[in-house]
Visitor: 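Before anything else, here's the structure in question.
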Amino acid sequence: MVRVRFAPSPTGYLHVGGARTALFNWLYARRHGGTFVLRIEDTDAERSSWDMVAGIVDGLRWLGLDWDEGPDVGGPHAPYFQSQRLDRHRELAERLVRDGRAYYCYCTADEMQRKRADAEGRGETWTYDRTCERRSADEIAALEASGTPRAIRFRVPPGETPFTDLVHGPIAFDNANLEDFVILRSDRQPTYHLSVVADDIDMAITHVVRGDDHISNTPKQVLLYQAFGVTPPAFAHVPLILGPDKKRLSKRHGATSVMEYHRLGYLPEAMVNFLALLGWSPGNDRELFSRDELVAAFTLEGISGGNAVFNPEKLDWFNQQHIARLSSAALLARLETRLEDAGLWTDDLATTRVGWILSVLDLLKPRVKKLDQLLDELRPFLVDDPEIDPSAAQKYLSSGEVRSLLDTLASALETVEPFGEATIEATLRATAERAGVKAAALIHATRVAVTGRAVSAGLFQVLVLLGRECVVRRLRRILNYTPAA
RNA sequence: GUCCCCAUCGUCCAGAGGCCCAGGACGUGGCCCUUUCAAGGCCAAAACACGGGUUCGAAUCCCGUUGGGGACGCCA
């Protein structure tokens, strides 16, 4: 039974790196019919609340990554806030002391810091000198009597700590490079190493899938598992996501919160698809995947070992592909809030005019990379009479001859039957020919008159969807239109 | 400084000894389609970091160098 977890600290938002880690965990769980656990690592936090993790939860929900156990849904291993498991962590730390695997340390943090700084000054690396590991019983008694605060340090045994990493293969660390690390602070707060291991044991996690930056933490954790007499889970360390400058992705590289991408008009399925292929491959050249297809194809072995640079252009491409593939009905649902915000929504779009708007979306959706662009393309269809872009007018409406020809065209279109693509085109071309004007000139002028813009989808399709009445009205208004000087 | 990870086109990947004078995708350039802009189709430029081995044969295995990244906290 596969049990994986995503364990973010509540920073307020889900960044793309975390999102991909969550995605890989989720994919692995779903692929194997396992359990995906959401656990909040807030050991340091004053208090934990649903509010603090709202940003992360929003991101996960938007991406469609649902969890089987977690803070809100509960589960057999609750609570899922690490801060609510502190007593358990303390108990475990004391147990290690009793078992002789850990010891009390009375050294102060200031002292440590000073020694560390000294060593650094000499260009050396400082590791804890085990002062407290060697204290005599008398010394300890005196320290205790004086009420000196004590931390608990793990006693790192000599030897080597190997573990198998599902993406990197076998990795081994010489314990000599590990110091006796603190597992319980002098204020009785557990440290990260203790908390993760304790919780992962308690929650029966079978596979730890997390960022590459944890690989050097892993031997310490493996040592803890061994001290607890528990077989460590399998590890899979996924490479980091880098910015274009090859540095770890951060705010200065632009949007790093997944919800920011939502705001920018990206589809969650595009984000998921893009993130999945960033550092993972199905082993062939396939690139476009739905969420379900990813689940079916996903393997931890397919994760590559090297870091990956975040490529926004490729994200755009995925988004464009997924927009084009989405049914127009689904697309309309995604657009509703945006249309409302833009003041373009009317209820008949969901009722009497739904067939019409779906046809419009069919026409427009292959042309855009983002939802905002789609909204923009939609505007001429949803407002009464769109404003005319001055530069477009200057380009195609500057000739008085062409402007008056638009009126002629309006009259012709008033009676053409049926009001269809082929008949409209024939009418327009005939009108242009009779006037001795190039058809292209009239086409462009018509586009500007009707949509207000120099570019649009295929003009004749646009005219059909706009409808005769609207087209005639918009053409006629040009008679009274005065182009800017 | 110490330890660890990584190394194929600008970017993301394929390649698990001969199928590779290296394949796909994004991006870039060109052409086609065309009423515009996209989309789509076709074509092009573009990489196995370097040096040693192993082997009949290496992008693929081993070692070293270089380069990049990460970790070295009583942060997570």
Visitor: Tell me which nucleotide, if any, is Watson-Crick or G-U wobble paired with C42(B) when both distances must be under 3.5 Å.
Guide: G30(B)

Visitor: Could you check whether Arg188(A) gets within reach of a base, just the sugar-phosphate, or nothing at all, counting any heavy atom under 4.0 Å?
Guide: nothing

Visitor: In B/S/- notation, 5' to 3', how is nucleotides 12-21 of chain B contacted by protein heavy atoms closer than 4.0 Å?
Guide: BSS-------

Visitor: Does Ser216(A) make a side-chain donor-acceptor contact with the base of C3(B), cut-off 3.5 Å?
Guide: no

Visitor: Roughly how many Å apart are A44(B) and G23(B), using the P atom of each and rounding to a whole number?
Guide: 11 Å

Visitor: side-chain hydrogen bond (donor to acceptor under 3.5 Å, both in side chains) for Asp202(A) and His77(A)? Distances and angles first, verdict last.
Guide: CA-CA 7 Å; Asp202(A) 288 348; His77(A) 304 281; over 6 Å; no

Visitor: Heavy atoms only, 4.0 Å cut-off, all strands: where does Glu179(A) land among base, sugar-phosphate and nothing?
Guide: sugar-phosphate

Visitor: Enumerate the side chain to side chain donor-acceptor pair (under 3.5 Å) contacts for residues 428-440 of chain A, please, sequence neighbours excluded, ordered by first and then second residue.
Guide: Glu425(A)-Arg429(A)

Visitor: Could you tell me the separation between the CG atom of Leu459(A) and the C1' atom of A38(B), rounded to a whole number of Å?
Guide: 15 Å

Visitor: So that I know where these two stand, are Phe24(A) and Phe298(A) an aromatic pair - ring centroids less than 6.0 Å apart?
Guide: yes

Visitor: Can you measure Gln189(A) atom CD to G73(B) atom C1' for me and round it to whole angstrom units?
Guide: 16 Å

Visitor: Please state whether the rings of His444(A) and Tyr396(A) are parallel, tilted or perpendicular, taking 30° and 60° as the class boundaries.
Guide: parallel

Visitor: May I ask you to say what Phe274(A) touches in the nucleic acid, namely base, sugar-phosphate or nothing, with a heavy-atom cut-off under 4.0 Å?
Guide: nothing

Visitor: Assuming nearest nucleotide by heavy-atom distance, tell me which of Asp174(A) and Ala454(A) is located more 5' along RNA chain B.
Guide: Asp174(A)

Visitor: Closer than 4.0 Å, any side-chain N/O of Lys369(A) to the OP1 or OP2 of A38(B)?
Guide: no

Visitor: Under 4.0 Å between any heavy atoms, over every strand shown, what does Ala457(A) touch: base, sugar-phosphate, or nothing? Just pick one.
Guide: base

Visitor: Within the 4.0 Å heavy-atom criterion, would you say Arg286(A) contacts the bases, only the backbone, or no part of the nucleic acid?
Guide: nothing

Visitor: Would you confirm whether the ring centroid of Phe310(A) sits within less than 6.0 angstrom of the ring centroid of His253(A)?
Guide: no

Visitor: I'd like to know if Glu377(A) pairs up with Arg453(A) as an ion pair, taking the criterion as any Lys NZ or Arg NE/NH1/NH2 lying under 4.0 Å from an Asp or Glu carboxylate oxygen.
Guide: no

Visitor: Check the distance between A71(B)'s C1' and Phe181(A)'s CZ and give it to me in whole angstrom.
Guide: 14 Å

Visitor: Could you identify the nucleotide paired to A7(B), looking across every strand shown and requiring Watson-Crick or G-U wobble geometry with both distances under 3.5 Å?
Guide: U66(B)

Visitor: Report the C-alpha separation of Glu133(A) and Arg155(A) in whole Å, then their side-chain angles, then the decisive distance to 0.1 Å, and conclude whether the salt bridge (charged side-chain N to carboxylate O under 4.0 Å, His left out) test is met.
Guide: CA-CA 8 Å; Glu133(A) 203 241 359; Arg155(A) 179 178 281 124; 2.7 Å; yes

Visitor: Between C13(B) and U65(B), how far apart are the two P atoms, rounded to whole Å?
Guide: 27 Å

Visitor: Between C43(B) and C48(B), how far is it from one C1' atom to the other, in whole Å?
Guide: 24 Å

Visitor: Between Glu139(A) and Arg135(A), is there a donor-acceptor pair closer than 3.5 Å when you use the side chain of the first and the backbone of the second?
Guide: no

Visitor: Only pairs with both distances under 3.5 Å count, Watson-Crick or wobble alike; so what is the partner of G57(B) in this structure?
Guide: none

Visitor: Just how far, in rounded Å, is C1' of G40(B) from CD of Gln320(A)?
Guide: 10 Å

Visitor: Nearest heavy atom decides the nucleotide; on that basis, is Ala439(A) or Met112(A) closer to the 5' end of RNA chain B?
Guide: Ala439(A)

Visitor: Regarding Thr191(A), tell me which of base, sugar-phosphate or nothing describes its non-hydrogen contacts under 4.0 Å with the strands shown.
Guide: sugar-phosphate

Visitor: Which nucleotide, in any strand shown, forms a Watson-Crick or G-U wobble pair with C75(B), with both distances under 3.5 Å?
Guide: none

Visitor: Side chain of Glu313(A) only, please: which of G27(B), G70(B), C74(B) is the nearest?
Guide: G27(B)

Visitor: Looking at every strand, decide which applies to Arg116(A) at a 4.0 Å heavy-atom threshold: base, sugar-phosphate, or nothing.
Guide: sugar-phosphate

Visitor: Considering non-hydrogen atoms only, spot the tightest contact between Val309(A) and Leu278(A) and give its length.
Guide: O-CD1, 3.7 Å

Visitor: Taking the P atom in each of A49(B) and C9(B), what is the distance between them to the nearest angstrom?
Guide: 7 Å

Visitor: Over how many whole Å does the gap from Leu364(A) atom CG to U36(B) atom P extend?
Guide: 18 Å

Visitor: Of all the nucleotides listed (C5(B), C3(B), C74(B)), which has the minimum atom distance to the side chain of Ile215(A)?
Guide: C5(B)

Visitor: Could you walk me through whether Thr218(A) and Arg210(A) pass the side-chain hydrogen bond (donor to acceptor under 3.5 Å, both in side chains) test, one step at a time?
Guide: CA-CA 11 Å; Thr218(A) 308; Arg210(A) 71 214 318 188; 3.3 Å; yes

Visitor: In whole Å, measure the gap between the C1' atoms of G17(B) and A58(B) for me.
Guide: 6 Å

Visitor: Could you tell me how far apart Trp317(A) (CH2) and G24(B) (P) are, to the nearest whole angstrom?
Guide: 14 Å

Visitor: Choose from G70(B), C37(B), C4(B) the nucleotide whose nearest atom is closest to any side-chain atom of Arg248(A).
Guide: G70(B)

Visitor: Nearest whole Å is fine: how far is C4(B) P from Asn175(A) CG?
Guide: 12 Å

Visitor: Can you tell me how far P in C62(B) sits from the matching atom in G70(B), rounded to whole Å?
Guide: 25 Å

Visitor: For nucleotides A71(B) and G10(B), find the distance between their C1' atoms and express it as a whole number of Å.
Guide: 29 Å

Visitor: May I ask you to say what Gln321(A) touches in the nucleic acid, namely base, sugar-phosphate or nothing, with a heavy-atom cut-off under 4.0 Å?
Guide: sugar-phosphate

Visitor: Can we call the ring centroids of His214(A) and Tyr192(A) under 6.0 Å apart?
Guide: yes

Visitor: Write down the distance separating the P atoms in C4(B) and G57(B), rounded off to the nearest Å.
Guide: 33 Å

Visitor: Give Leu240(A) one of three labels, base, sugar-phosphate or nothing, depending on what nucleic acid heavy atoms sit under 4.0 Å from its own.
Guide: sugar-phosphate

Visitor: Can you tell me how far C1' of U35(B) sits from CZ of Arg367(A), to the nearest Å?
Guide: 12 Å

Visitor: With a 3.5 angstrom cut-off on both distances, give the Watson-Crick or G-U wobble partner of C48(B), or none if there isn't one.
Guide: none

Visitor: To the side chain of His168(A), which of A76(B), C6(B), C3(B) is closest?
Guide: C6(B)

Visitor: Regarding His237(A), tell me which of base, sugar-phosphate or nothing describes its non-hydrogen contacts under 4.0 Å with the strands shown.
Guide: nothing

